[in-house]
Structure formats: structure tokens, C-alpha cells
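Heads up, the thing below is written out as C-alpha cells.
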Amino acid sequence: MYTPDVSQPTVSLTPEQVAFYHENGYLSIPNIMPLDEVAWMRDVYDRLFAEQAGRAVGDQFDLAGTDEEGQAAVLPQILGPAKYAPELRDSKLWVNAAHIVHQLLGQDALFGDGHMIFKPARTGAETPWHQDEAYWDPTLDYTSLSVWVPLQEATVENGCMWFVPGSHHLEVLPHQSIGGDVRIHALEVLGADIGSAVACPLPAGGATFHGSRTLHATGPNRSDVPRRAYILSGGLPAVPRPDDRRFQWNEAKQTAREARAKASRGSSD
Ligand SMILES: O=C(O)CCC(=O)C(=O)O
């Protein structure tokens, strides 16, 4: 059993790192959790994917594929993994990530669970360029960020994060489901300039942070090892927007994941 001391954070950002995040919309640090915790969390992670935790209620699905029953997923994702493995919360990762979220967004920021994205060895698909806010409720304004944590080394070859510096200042750009296929949950941005993109390779247990409008992507997994990423989230409470912003790309979606979620709620809407 893994029982870390979670009484206080052990990692803090410097003022220069906080300034870098606000200027560029992303930040990379080499360490946010100890290596024995990485090994423990990798076992929890692999169990959740092997058990297909949450699939019946739409929390586990193929992010980049059509997600049909019996078809091998090219980019499996679990939403809200701590619902299925509450022990994830008792970790140095949680206490350190919460502390850094407060450093970046202030003490009023909320911090919590997010999602896990798994790229199988050799077959794991790319996560296309996108802004996270393009997935969310368009009637709200957000001040939020994601904490992206690889549970093995993350390299250009296996699918580390890439960011476009300064893109957090953009509005939400037009998106569509990959290739315009409305059966696919993952979005790709249309017409973005990614010419200045930077790769952020990381050791196991490092972390990147990015804002909800920062353009980012990961490449396909061309390596012989699975790429595991756990993504936590932090943010100030979202506030209603004065306009009637709409994200047609989400209204158009017809995913198997949403059908499973509706069926599990006993709803036909
Ligand atoms: O891990 C990935 O492949 C993509 C992660 C991502 O898009 C995110 O954290 O917002």
C-alpha cells in the first residue's frame, strides 16, 4: 500500500516560472511527484483502462476514433478517473498540483480531478491541435488551466505535449470533430497558425501547465512503450458571458459515448 505524506506541498514555482506561464500560456517543470508515486499511479492507471472503468456510463471512450463496441481504441480516455480510483487523491501529485494551481491562479482557484489519455504503443493516435475551451459550455467565461503529467518519460516520439506560445490570448478559434466526422469526440482547430509551436519533452513525474485557450497537441505514439498521461484541472469559478456564443462543432456531435451516457441515465433526449 502506498501512503505518502500529503500534509504539505514539496514543489513550488519560482516567481520567474509564474511570470513565464502568464506570458506564454504554458509552463513545463521536470518534477511534480516522486518516482515511487509514479510507479504506484501507473498501476492504478493501467487497472482503470484494463477494467474499462466508466465505459458503460460514457466516462471511458475512444477520443480519436468512432468508439464502436469491440473495436480497438486508438486514443482511450477516462473522464473523472478519481471517481473510479479515489486513492488517486491521496498523492503528492494532488497536493503539489493544488499548490501550484493556487500560485498560478490565486487562492480562490478550485482544483480537482480531470482525465486520463492513454496512447497505446505504436498505434496510439495523435491528439490534434485544439484549445480546451472549445469542448466546454460556450455560455461561460473561464480562467482555468490543465496540469498534464506523464507516468513515464514523455518524448516527441511517444507523444509529449506541444504548445503555441502566446496563443492563450486568442479567442476560441473554429474547431471540428477530427476530419469532420461527427461520431468522433476529439476536436481539431481550423486555420490556426502553429508555426511557432514548441515541444515539451518531460521525465516521468514531470508536468506541464496550460491555459484553456492555449493551442496544444500531442503526436502519435511511434514508440514501443505505452504513453500514459494524467491531466488534472484547476480554475476560478466560471462566469456567464454577456453574449450568445455557440460552439456548433459540439452541437453537431453524435458520439457513441454520449449515447451510452444517455442510456445509463435512462434518458432518450
Ligand atoms: O495527452 C494528450 O494526448 C493530450 C492532452 C490534452 O489535450 C490536454 O491535456 O488538454
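As the structure lists them, so they are numbered: ligands from 1, and atoms in each ligand from 1.
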Quiz prompt | H115-ligand 1 polar pair, N/O distance under 3.5 Å | solution = no
Quiz prompt | Protein heavy-atom partner closest to atom 8 (C) of ligand 1 - residue, atom, separation in Å | solution = H216 NE2, 3.5 Å
Quiz prompt | Contacting atoms of ligand 1, where contact means under 4.0 angstrom from a heavy atom of I231 | solution = 9 (O)
Quiz prompt | Aromatic plane relationship, W249 with F247 - under 30° parallel, 30 to 60° tilted, over 60° perpendicular | solution = parallel
Self-check item: Side-chain touch T218/R227, heavy atoms, less than 4.5 angstrom
Solution: yes
Quiz item: Do Y26 and H216 have ring centres separated by under 6.0 Å?
Solution: no
Quiz item: Is it the case that Y142 and D132 place a side-chain donor and acceptor less than 3.5 Å from each other?
Solution: no
Self-check item: Close-contact set for ligand 1 against T218 heavy atoms, below 4.0 Å
Solution: 2 (C), 3 (O), 4 (C)
Quiz prompt | Proximal ligand 1 atoms for H130, defined as those under 4.0 Å from one of its heavy atoms | solution = 7 (O), 10 (O)
Practice problem: Provide the number and element of each atom of ligand 1 under 4.0 Å from a heavy atom of T127. | Solution: 2 (C), 3 (O), 4 (C), 7 (O)
Quiz item: Is the Y135 to H175 ring centre distance short of 6.0 Å?
Solution: no
Self-check item: Side chain, backbone, both or neither: R228 near ligand 1, heavy atoms under 4.0 Å
Solution: neither
Exercise. Go through ligand 1 atom by atom and flag the ones less than 4.0 Å from a non-hydrogen atom of D132.
Key: 10 (O)
Self-check item: Flag side-chain contact, heavy atom, 4.5 Å: N250 against W136
Solution: no
Quiz prompt | E68 versus T66, side-chain donor and acceptor atoms under 3.5 Å | solution = yes
Quiz item: Is ligand 1 less than 4.0 angstrom away from at least one heavy atom of K119?
Solution: yes
